[in-house]
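Input: a single structure, listed below in structure tokens.
Note on naming: letters A, B, ... go to the chains in the order of the sequence lines (proteins, then strands), and numbering restarts at 1 for each one. Heavy-atom basis, side chains included; hydrogens, waters and symmetry copies ignored.
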2 protein chains.
Amino acid sequence: MYERKTTPNLNCGLDLIGEVLYGKWKMRLLWFIGQGHKRPSELQRKIPDASRRVLNVQLKELEQHELVTRKIYPVVPPKVEYSLTEFGKSLIPVIGAIGEWGDANSERLREVIAKTLTHSDIGN
Amino acid sequence: MYERKTTPNLNCGLDLIGEVLYGKWKMRLLWFIGQGHKRPSELQRKIPDASRRVLNVQLKELEQHELVTRKIYPVVPPKVEYSLTEFGKSLIPVIGAIGEWGDANSERLREVIAKTLTHSDIGN
DNA sequence: CTGTATCCTACGAGATACTG
DNA sequence: CAGTATCTCGTAGGATACAG
């Protein structure tokens, strides 16, 4: 978890939600957990570009922000499951809207993003 | 404008939109421009926490991503106006949904955010 | 299967001072 | 009023290696 030195100025909803959703993989984590992919290894497979460490960091932040809960099963090998809280669930439609717009405009988005990359060569 | 060294992996809409919306003030810039606050000084007043430089940087990125256009009036003193493109306009409902959720849950959000601040003391 | 501890780097963003 | 040039710094996130 990162230690924050500065204190943000939170004026509007756009700001507040940013605090909680800022983090490269958070929206996708919430999304996949909502889809029923709850175990760390599963999430890791769904988001292979993220390192295990960062996934854990962001999951812990989501937990602290009360968007997900973490349940540990005392078995060997260890088993952990993340679930959305009610609060987290209420965010899913918003994330859905964002993702839909992104999917619907993926063509266009790839174009404009490609234009701004200095060493162009998009990964896929 | 920042020079990017790494090349992102863009798999899904959530990823793609992130590329274009990542930036501390971009959503609010789009929002305010959509509301008709088009001039730099106006936007600066709306978002006083951002420095002029960063506002310009992010506006230029939004322009390159074809979400806004920039129009210069050849008068003295100089006058500039930003407007949403059709592409940019199509994003507004999404930003609206995000902002609404944030506003609707601002109480709760402030709480959970406060808990995670190490040197607590929220600005407002 | 889980998670944590180090170390390291790119880059977002602020401050300030300057030009047209 | 609008924009750019430097300089600087914090920190998010990757790599790797290890531990329960």
Side-chain angles (χ1 to χ4, degrees), chain A residues 1-9 15 18-29 37-64 68 70-82 116-119 123, chain B residues 1-9 15 18-29 33 37-64 68-82 116-119 123:
Chain A
M1 195 81 39
Y2 306 113
E3 294 288 318
R4 184 195 276 281
K5 292 277 164 43
T6 55
T7 308
N9 248 2
D15 239 353
E19 282 295 310
V20 143
L21 246 35
Y22 221 67
K24 202 170 181 179
W25 316 101
K26 283 190 186 173
M27 290 203 295
R28 253 172 303 168
L29 282 171
H37 305 102
K38 308 174 157 231
R39 304 194 50 185
S41 50
E42 224 173 335
L43 293 167
Q44 171 82 74
R45 245 174 292 126
K46 282 283 178 187
I47 316 177
D49 287 343
S51 70
R52 271 301 292 283
R53 182 185 149 284
V54 172
L55 243 36
N56 282 333
V57 168
Q58 305 206 346
L59 282 166
K60 192 174 285 180
E61 286 174 359
L62 291 174
E63 200 189 349
Q64 292 196 333
V68 306
R70 178 166 171 274
K71 184 168 185 187
I72 311 148
Y73 295 84
V75 296
V76 271
K79 176 175 170 181
V80 171
E81 275 189 3
Y82 292 93
T116 62
L117 291 176
T118 30
H119 318 71
Chain B
M1 195 80 40
Y2 307 114
E3 294 288 318
R4 185 195 276 280
K5 292 274 164 48
T6 56
T7 309
N9 248 2
D15 238 353
E19 281 295 311
V20 143
L21 245 35
Y22 222 66
K24 201 169 180 179
W25 316 102
K26 282 189 186 173
M27 290 202 296
R28 251 170 306 166
L29 281 171
I33 292 172
H37 306 102
K38 309 175 155 232
R39 303 194 54 185
S41 50
E42 223 173 335
L43 294 167
Q44 171 82 75
R45 246 173 292 126
K46 282 280 178 188
I47 316 177
D49 286 341
S51 69
R52 269 302 292 280
R53 182 186 150 282
V54 172
L55 244 37
N56 283 333
V57 168
Q58 304 206 347
L59 282 166
K60 192 174 286 183
E61 284 174 1
L62 291 174
E63 198 189 349
Q64 291 195 336
V68 307
T69 53
R70 178 166 170 275
K71 184 167 183 186
I72 311 149
Y73 296 82
V75 296
V76 272
K79 176 175 171 180
V80 170
E81 273 189 4
Y82 291 93
T116 63
L117 290 177
T118 31
H119 318 69

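Between A50(B) and L55(B) the shortest heavy-atom distance is CB-CD1, 3.4 Å. Considering every non-hydrogen atom in both Q58(B) and W25(B), the closest pair reads OE1-N, 3.1 Å. Shown here for H37(A) and L43(A), the closest heavy-atom pair between the two residues is O-CD2, 3.2 Å. Among all heavy-atom pairs drawn from E81(B) and K79(B), the shortest one is OE2-CE, 3.7 Å.
Partners of V76(A) by side chain to side chain contact (heavy atoms under 4.5 Å, CB included), not counting sequence neighbours: none found.
Between L21(A) atom CG and E61(A) atom CD the span is 11.5 Å, to the nearest 0.5 Å.
Following rounding to the nearest Å, N56(A) (CG) and dA15(D) (P) show an atom-to-atom distance of 15 Å. Nucleotide dC1(D) holds its C1' atom 12 Å from the CD atom of Q44(B), rounded to whole Å. Across the protein-nucleic acid pair, K79(B) atom NZ and dC1(D) atom P stand 13 Å apart, rounded to whole Å. Per the geometry, CD1 belonging to I72(A) stands 10 Å off C1' belonging to dT2(C), to the nearest Å. One atom, CD of E63(A), and another, P of dG3(C), lie 10 Å apart when rounded to the nearest Å. Here dA17(C) presents its P atom at 17 Å from CZ of R52(B), a figure rounded to the nearest Å. Here the P atom of nucleotide dT2(C) and the CG atom of L43(A) are 9 Å apart, to the nearest Å. To the nearest angstrom, C1' of dG13(D) lies 14 Å from CZ of R28(A).
Within the nucleic acid shown, P78(B) comes within 4.0 Å of at least one base atom, counting heavy atoms only. Residue-level contact check: P77(A) touches the backbone only, with heavy atoms under 4.0 Å from sugar-phosphate atoms and none from bases.
If E42(A) and Y22(A) are placed on DNA chain C by their nearest nucleotide, the residue sitting closer to the 5' end is E42(A). Mapped onto DNA chain D by nearest heavy atom, S41(B) and K24(A) fall at different nucleotides, with S41(B) at the one closer to the 5' end.
Interface remark: the R53(B) side chain does form a donor-acceptor pair with the dT6(D) base, using a distance-only criterion of under 3.5 Å.
In terms of phosphate contacts, Y82(B) brings a side-chain nitrogen or oxygen within less than 4.0 Å of OP1 or OP2 of dG3(D). For Q58(A), no side-chain nitrogen or oxygen approaches OP1 or OP2 of dA12(D) to under 4.0 Å. Side-chain N/O atoms of K60(A) include none lying less than 4.0 angstrom from OP1 or OP2 on dG3(C).
For the helix from dC1(C)-dG20(D) to dG20(C)-dC1(D), the axis fitted to the five pairs at one end and the axis fitted to the five pairs at the other end meet at an angle of 40° (nearest 10 degrees).
With K26(B) contributing its side chain and Y22(B) its backbone, the two residues share a donor-acceptor pair below 3.5 Å.
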